[in-house]
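Note that these values count all heavy atoms, side chains included, but never hydrogens, waters or copies made by symmetry.
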Amino acid sequence: MSPEVRRPEIVVDVAAIRRNVGILRDLVAPDGSDVMVVVKADGYGHGMVEAARAARQAGAPWLGVATIEEAVRLREAGDTGRLLCWLTVPGDDWAAAIGRDVDVTAYSVAHLDAIRTSLDEVDRSTPARVQLKIDTGLSRGGSTRDLWPDVLEAARAGEADGVWTITGVWSHFACSDEPDHPANAAQEREFRDALAGAERVGLRPEVRHLANSAAAIHRPSSRFDLVRCGIAAYGLDPAPGIGPELGLEPAMTVTAPLALVKDLHAGASVSYGHTWTAPAETRVGLVPLGYGDGVPRHAGNTAEVRVGGSRRAIRGRICMDQFLVDLGDPGEAAAEAGDDVVLFGPGTSGEPTAADWARACGTIHYEIVTRMGGRLARRHIGATR
Ligand SMILES: *Cc1c(COP(=O)(O)O)cnc(C)c1O
């Protein structure tokens with residue numbers, strides 16, 4: 001295998017991530033807020049460690065991940081800043097996070113008990129840093145309103161014993177990509193009530209946070225001390241078409257060389273199930289990527305790619321390793337094997353965006369970028385050191 005051979009790859013422009021984080025920090029700064037950049041799920045497919053580095057270079061004071069394993073991996077990659085994780089299963093290694101100076105999240109008294117027990121295994125001179133999550137209406141993680149007083153009482157007792165500091169109280173929106181949805185105001189009210197409850201028992205969390213990207217952009221009243229931005233940091237508009245033009249730049253481009261070009265006779269059918277039939281003589285190009293690499297099978301016969309300077313339709317089903325694009329009339333089509341195919345990118349050179357793919361596939365751009373992987377190589381450009 002010659003190293004010069006171009007292969008299918010995910011190109012991630014970390015300079016775009018840096019600029020996006022800067023834009024978001026500037027957006028919320030007037031409200032006295034700052035940004036936690038969310039780098040879970042391998043940085044939404046962009047590479048967790050590289051995305052984290054870009055976020056720190058842009059001044060992000062906090063990073064957020066879901067699991068303890070993700071937090072540990074960031075520490076092992078050298079990240080030393082404030083870092084929050086929020087999703088555990090029974091038996092998880094809380095000590096691994098706390099011993100590495102990670103802020104952990106408790107949803108319940110059971111979590112606080114498990115954290116207290118884990119501290120026997122942790123060698124630290126300062127109290128553990130624990131944040132409390134209140135469920136304000138997403139009905140996912142977090143304490144219910146009913147159990148919140150018990151959580152607060154246990155949290156306060158641990159502070160009094162010097163075993164931990166409650167560094168944060170936080171929650172998460174259900175409908176922030178629909179800014180007019182009444183759930184947003186209701187959740188914000190619940191959150192303010194939960195904060196007041198924490199205050200009443202004597203907790204003084206350093207950071208209170210509720211907003212994800214969409215709320216950070218569309219709901220200034222929800223910015224509090226921090227906003228947790230994932231999708232917007234990667235340059236994707238969390239609520240496409242309804243927001244202000246912030247100048248966010250999509251950081252991910254997925255490309256491949258055409259593996260093969262061939263001419264089909266009129267009436268030839270394409271790919272598994274023969275779901276598309278050439279109406280006339282047609283040149284097709286074979287793209288060596290499929291659902292094994294995260295290309296959604298739903299993109300068959302719906303999404304487009306850029307080949308050379310033009311948008312080209314995907315024809316037939318997406319296979320595990322490959323799919324076909326329509327290059328047009330063989331008399332006019334100039335494309336040949338080895339030509340560059342861009343599945344999606346920032347959209348600035350005529351290529352589709354992840355949002356276009358999401359629309360075509362009946363999903364959200366979060367899923368499009370996060371699932372890209374498989375055999376795709378990932379290459380980072382725009383790094384400064
Ligand atoms: C993933 C996640 C975020 C980031 O959401 P975006 O919409 O990508 O900004 C924020 N908070 C929590 C709890 C999350 O799980």
Side-chain angles (χ1 to χ4, degrees), residues 32-36 38 61-68 71 75 80-88 90 92-138 140-173 187-212 222-228:
S33 183
D34 209 327
V35 176
M36 171 187 291
V38 179
W62 284 85
L63 297 178
V65 292
T67 66
I68 287 174
R75 288 298 190 233
T80 56
R82 295 299 289 276
L83 169 60
L84 177 69
C85 66
W86 54 70
L87 187 61
T88 55
D92 244 342
D93 189 1
W94 296 92
I98 292 165
R100 289 176 174 82
D101 231 16
V102 175
D103 286 53
V104 297
T105 300
Y107 297 172
S108 62
V109 173
H111 279 174
L112 289 171
D113 289 344
I115 291 167
R116 202 184 261 264
T117 305
S118 80
L119 294 177
D120 295 342
E121 301 158 39
V122 180
D123 179 26
R124 55 181 293 153
S125 50
T126 51
R129 284 200 292 253
V130 178
Q131 303 206 3
L132 305 178
K133 183 173 186 195
I134 172 80
D135 173 9
T136 53
L138 179 59
R140 203 174 71 178
S143 166
T144 60
R145 184 193 176 101
D146 294 346
L147 296 176
W148 187 237
D150 300 340
V151 171
L152 290 178
E153 196 43 52
R156 195 205 54 77
E159 267 201 356
D161 297 342
V163 295
W164 55 58
T165 307
I166 300 302
T167 53
V169 172
W170 66 277
S171 189
H172 192 45
F173 279 120
Q187 284 196 259
E188 198 178 307
R189 268 196 310 278
E190 282 285 323
F191 188 57
R192 290 181 193 280
D193 283 353
L195 288 174
E199 176 112 355
R200 271 196 303 279
V201 303
L203 296 174
R204 297 289 178 272
E206 164 194 350
V207 286
R208 302 157 300 164
H209 46 109
L210 173 61
N212 64 344
S222 71
R223 287 175 184 160
F224 294 92
D225 303 309
L226 273 180
V227 295
R228 300 183 307 272

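Taken from CD1 in Ile98 to CZ in Arg129, the straight-line distance is 10.5 Å, to the nearest 0.5 Å. Distance CG/Asp150 to CG/Leu112: 11.0 Å, rounded to 0.5 Å. Leu63 CG to Asp103 CG: the interatomic distance, rounded to the nearest 0.5 Å, is 11.5 Å. Considering OG of Ser222 and CZ of Arg208, their distance stands at 12.5 Å, rounded to 0.5 Å. Note: Arg140 CZ to Asp135 CG = 10.0 Å, rounded to the nearest 0.5 Å. Arg228 CZ to Trp62 CH2: the interatomic distance, rounded to the nearest 0.5 Å, is 11.5 Å.
In this structure, the side chains of Val207 and Met36 stay at 4.5 Å or more apart for every pair of heavy atoms. In this structure the side chain of Leu147 never reaches within 4.5 angstrom of the side chain of Tyr107, judged on heavy atoms. With contacts defined as side-chain heavy-atom distances shorter than 4.5 Å, the pair Leu132/Leu152 qualifies. Side-chain contact check for His209 versus Phe224: every heavy-atom pair is 4.5 Å or farther apart. Counting only heavy atoms from C-beta outward, the side chains of Trp164 and Val104 never approach each other to under 4.5 Å. Considering only heavy atoms from C-beta on, Val169 comes within 4.5 Å of Phe191 through its side chain.
Of the listed residues (Arg192, Gln187, Glu190, His172), just one forms a side-chain hydrogen bond (donor to acceptor under 3.5 Å, both in side chains) with Thr136, and that residue is Gln187.
At a threshold of 4.0 Å, the pair Asp101-Arg124 counts as salt-bridged, since one of the basic side-chain nitrogens sits closer than that to a carboxylate oxygen. Look at Arg156 and Glu159 and you find no salt bridge, because none of the NZ, NE, NH1 or NH2 atoms lies under 4.0 Å from a carboxylate O.
In this structure, Arg116 places its CZ atom where more than 12 heavy-atom neighbours from other residues, nucleotides or ligands lie under 6.0 Å away. Within a 6.0 Å radius of CG in Asp161, other residues, nucleotides and ligands contribute more than 12 heavy atoms.
For the pair Arg75 (side chain) and Arg100 (backbone), a donor-acceptor distance under 3.5 Å is present.
Across Ile134 and Ser143, no two heavy atoms sit closer than the pair CD1-O, 3.4 Å. Heavy atoms only, all atoms of each residue included: Thr105 and His111 are closest at O-ND1, 4.2 Å. Between Ala71 and Leu83, the closest heavy-atom pair is O-CD2, 3.7 Å. Between Ala114 and Trp94, the shortest heavy-atom contact is CB-NE1, 3.6 Å. Ser108 and Val151 get closest at one heavy-atom pair: CA-CG2, 3.9 Å.
Every residue was checked against the side chain to side chain donor-acceptor pair (under 3.5 Å) condition with Glu199, not counting sequence neighbours, and none meets it.
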Give the intermediate values and the outcome of side chain to side chain contact (heavy atoms under 4.5 Å, CB included) for residues Trp148 and Asp193.
CA-CA 11 Å; Trp148 187 237; Asp193 283 353; over 6 Å; no
